Amino acid sequence: MCGIIGILGNHEVSPQLVDALKRLEYRGYDSAGVATVDATGQLSRRRAVGKLVNLSDLLVHRPLTGHAGIGHTRWATHGAATEVNAHPHQSGPVAVVHNGIIENFRELRAELADRGIMPESQTDTETVALLTAHHLDQGLSPVEAARATLARLQGAFALAFLFQDEPDLLIAARKGSPLAVGHGDKEMYLGSDAVALAPFTDRITYLEDGDHAVLTRAGVQIWDAEGHQVHRATARIDVGATVIDRAGHRHFMAKEIAEQPVVIGDVLNHYVKGDRIVLPDGLDFAGLDRVTLVGCGTAHLAGHVAKYWFEQLAGLPCDIDVASEFRYREPPLSDRSLFIAVSQSGETADTLAALHYARGKVARTVGLVNVGTSAIARDADMALPTLAGIEVSVASSKAFTCQLAVLAVLALKAAHDRGRLDDAALTAHLRDLRAIPALLAQALALADDCRMQADWLAQARDVLYLGRGGLYPVALEGALKLKELSYIHAEGYASGELKHGPIALIDGDVPVVVLAPHDALFDKTISNMQEVMARHGQVLLISDAAGIAAAGDGITASLALPTGGGVFQPILYAVPMQYLAYYTAVAKGTDVDQPRNLAKSVTVE
Ligand code: G6P
């Protein structure tokens, strides 16, 4: 992760650098820093631990002048979140910002140490600055010195170099991590994504893997991994420069949860017209023998829910895996299979690598992404937008349910293409799916009840979540959300698996959240709930009115969701998972939108 920015401007750049970093803070917020070259050629930097606001405050007291600069917001990989480990890293006349991991930094450090060059930080990145300064010392020009350094680096990186006495020069390089070049009016920009550059320009050139670029105010020159000078297309990328606000909500997360009825409605309007599913040409499931779904975190759990739909509705075998395992497992893939990478950001390093692994081995790759300009959207054979709109809160909410809605449409299309659903059955399922936005709007009314339950959950040390069938992955998501937001230990389990281990954890102090709609699996799940209550476990039952009436006595609390939605009920059950985690975090006073140690876009593996 980490976000990087570079600007060759015609005004003071430090306010612009900070503005761009605000838009990149979703990539990490352990520390932030900027460096500039001023009119005299002086290279200076400012760095501050913690959120970006600390850097802004520092710049008020100790301003930086200069029309050329670089900036960084950090998610720590090597070395704690301290000022000395914050970027930019500077060695004499060069400053560097980096996103990624230099895997051979220990070896490079040892070489530098042999020459008496010692680092001051624990980071891998400082090695890049030290090595470049060493090359400059040997008489190489800045461009030659950066090239000589890049030739030594292994791992993943997006890098920007800024040099003393070079107010019209930025050098950029990417391998693995994304990097975009922005074209202004006699100004040039560099950023981890187009969103960071949106206030400045919409003319964007994406660097490709292995590229390095030399930027001056006159433009950009790009070389590929083989050292050939290349042309990379410039496109207008409209990501909107408007300031994103909380629309009266206390946190972005609350706003994003509340937006779900509308954005799910948008998804369904986009992909379903009347009784017809509208997907890009070429997505025909009839000849396929398998679907493979890959993602990380919440996106992985959306795929996990979809496995139930693809298998039960379409009779299509479906594999689901976390991308970090999939990519190194060397899974055999059928050339009659469909590979779907699920990702809100479209930049998650492991998911992108899994997509690259699948390319050429399967019939088609699909990127299910929320950010349409992302690497996964560009590299997949077909990109399907999840249309959630910008999601700011680090923990995913509306992006999850939008992923589920698109996956539901895909599963129905698969079932119809494969003759498992005739037209009438498809129409009935589409009716269930189209009921979801209105049901979600009713589910939002549970907010107050969830807030009351959260006071109880906030006292707990551990919380268990149980679900069966498509509600099992939703239980996993509930536990994940609670961990992410409130730092309370939580586990999701398949209800039937409880007695094979986790039941040992149950005592009167462990709240157990049971997800059990009044459906064909209800009685089974309720039996598991009874096993909990027999051991003094405190149950919070989430069901519908019929389920709560049928569940019997002894439940500590219940939350009633509306009925409806058919097999797509998991989308509905996501709402109390989100609200319970949200209000528990509020009760505990944790940082809801930017929980500790997390980042929204994870561009390191
Ligand atoms: C991070 C975020 C999660 C997200 C996951 C996958 O861990 O904090 O909210 O689910 O990355 O991100 P992606 O952008 O690929 O959906």
Side-chain angles (χ1 to χ4, degrees), residues 1-3 24-30 75-77 99 177-178 192-193 195 251-253 256-257 293-306 320-327 340-356 366-380 383-407 473-474 476-487 492 574 577-578 581-582 585 590-605:
M1 27 275 241
C2 300
L24 288 172
E25 212 178 7
Y26 71 88
R27 289 172 164 264
Y29 31 79
D30 288 332
W75 186 83
T77 60
N99 164 210
S177 307
S192 292
D193 64 25
V195 176
H251 298 98
F252 280 106
M253 174 116 188
E256 288 158 6
I257 293 172
L293 286 151
V294 165
C296 298
T298 292
H300 164 251
L301 295 174
H304 198 162
V305 175
I320 168 75
D321 205 349
V322 287
S324 54
E325 285 301 309
F326 177 89
R327 62 181 291 193
I340 306 177
V342 186
S343 175
Q344 189 286 129
S345 64
E347 299 287 354
T348 302
D350 284 319
T351 311
L352 183 62
L355 169 70
H356 291 164
V366 171
L368 207 80
V369 290
N370 199 37
V371 180
T373 53
S374 59
I376 290 175
R378 283 180 277 126
D379 290 1
L384 296 179
T386 46
L387 303 168
I390 292 179
E391 191 181 65
V392 176
S393 178
V394 165
S396 190
S397 57
K398 63 174 180 169
F400 174 63
T401 46
C402 285
Q403 286 160 352
L404 288 177
V406 182
L407 288 164
V474 179
L476 295 175
E477 170 63 5
L480 177 62
K481 279 275 112 28
L482 193 73
K483 277 184 279 209
E484 284 179 304
L485 296 184
S486 71
Y487 318 148
M577 300 297 93
Q578 297 161 350
Y582 172 75
T590 56
D591 189 338
V592 172
D593 285 330
Q594 294 185 327
R596 70 183 181 200
N597 304 340
L598 298 179
K600 187 147 191 72
S601 177
V602 181
T603 54
V604 294
E605 60 175 292

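Please read all numbers here as calculations on a predicted model, not as lab measurements. Order of listing sets the numbers, starting from 1, for every ligand and every atom in it.
The shortest non-hydrogen separation linking A574 to F400 is CB-CE2, 3.8 Å. Shortest non-hydrogen contact noted between I376 and E347 is CD1-N, 4.3 Å. Heavy-atom minimum distance, A395 versus L485: CB-CD2, 3.7 Å.
Under 4.0 Å from ligand 1, the heavy atoms of A599 that appear belong solely to its backbone. Of all the heavy atoms of V602, the ones lying under 4.0 Å from any atom of ligand 1 belong exclusively to the side chain.
Taking NZ of K481 as the start and OG of S396 as the end, the distance is 5.5 Å to the nearest 0.5 Å.
Between S397 and M253, some side-chain heavy-atom pair lies under the 4.5 Å cut-off. At a threshold of 4.5 Å between non-hydrogen side-chain atoms, the residues Q578 and T401 count as touching. Side-chain contact check for T386 versus L368: some heavy-atom pair is nearer than 4.5 Å.
The atoms of ligand 1 that sit less than 4.0 Å from any heavy atom of S343 are 13 (P), 14 (O), 15 (O), 16 (O). Residue contact check: A299 has heavy atoms under 4.0 Å from atoms 10 (O), 16 (O) of ligand 1. Numbered from 1 in the order shown, with element, the atoms of ligand 1 that lie under 4.0 Å from a heavy atom of S396 read 9 (O).
For atom 10 (O) of ligand 1, the nearest non-hydrogen atom of the protein is T298 N, 3.0 Å. Taking atom 16 (O) of ligand 1 as the reference point, the nearest protein heavy-atom neighbour is Q344 N, 2.6 Å. Looking at atom 6 (C) of ligand 1, its nearest protein heavy atom turns out to be C296 O, 3.3 Å.
At a 3.5 angstrom cut-off on N or O pairs, T348 counts as close to ligand 1. Inclusion of Q403 in the set of residues having an N or O under 3.5 Å from an N or O of ligand 1 is not warranted.
At a 4.0 Å cut-off, at least one heavy atom of V394 sits close enough to ligand 1 to count as contact.
Among I320, T348, V294, D321, the single residue meeting the side chain to side chain contact (heavy atoms under 4.5 Å, CB included) criterion with H300 is I320.
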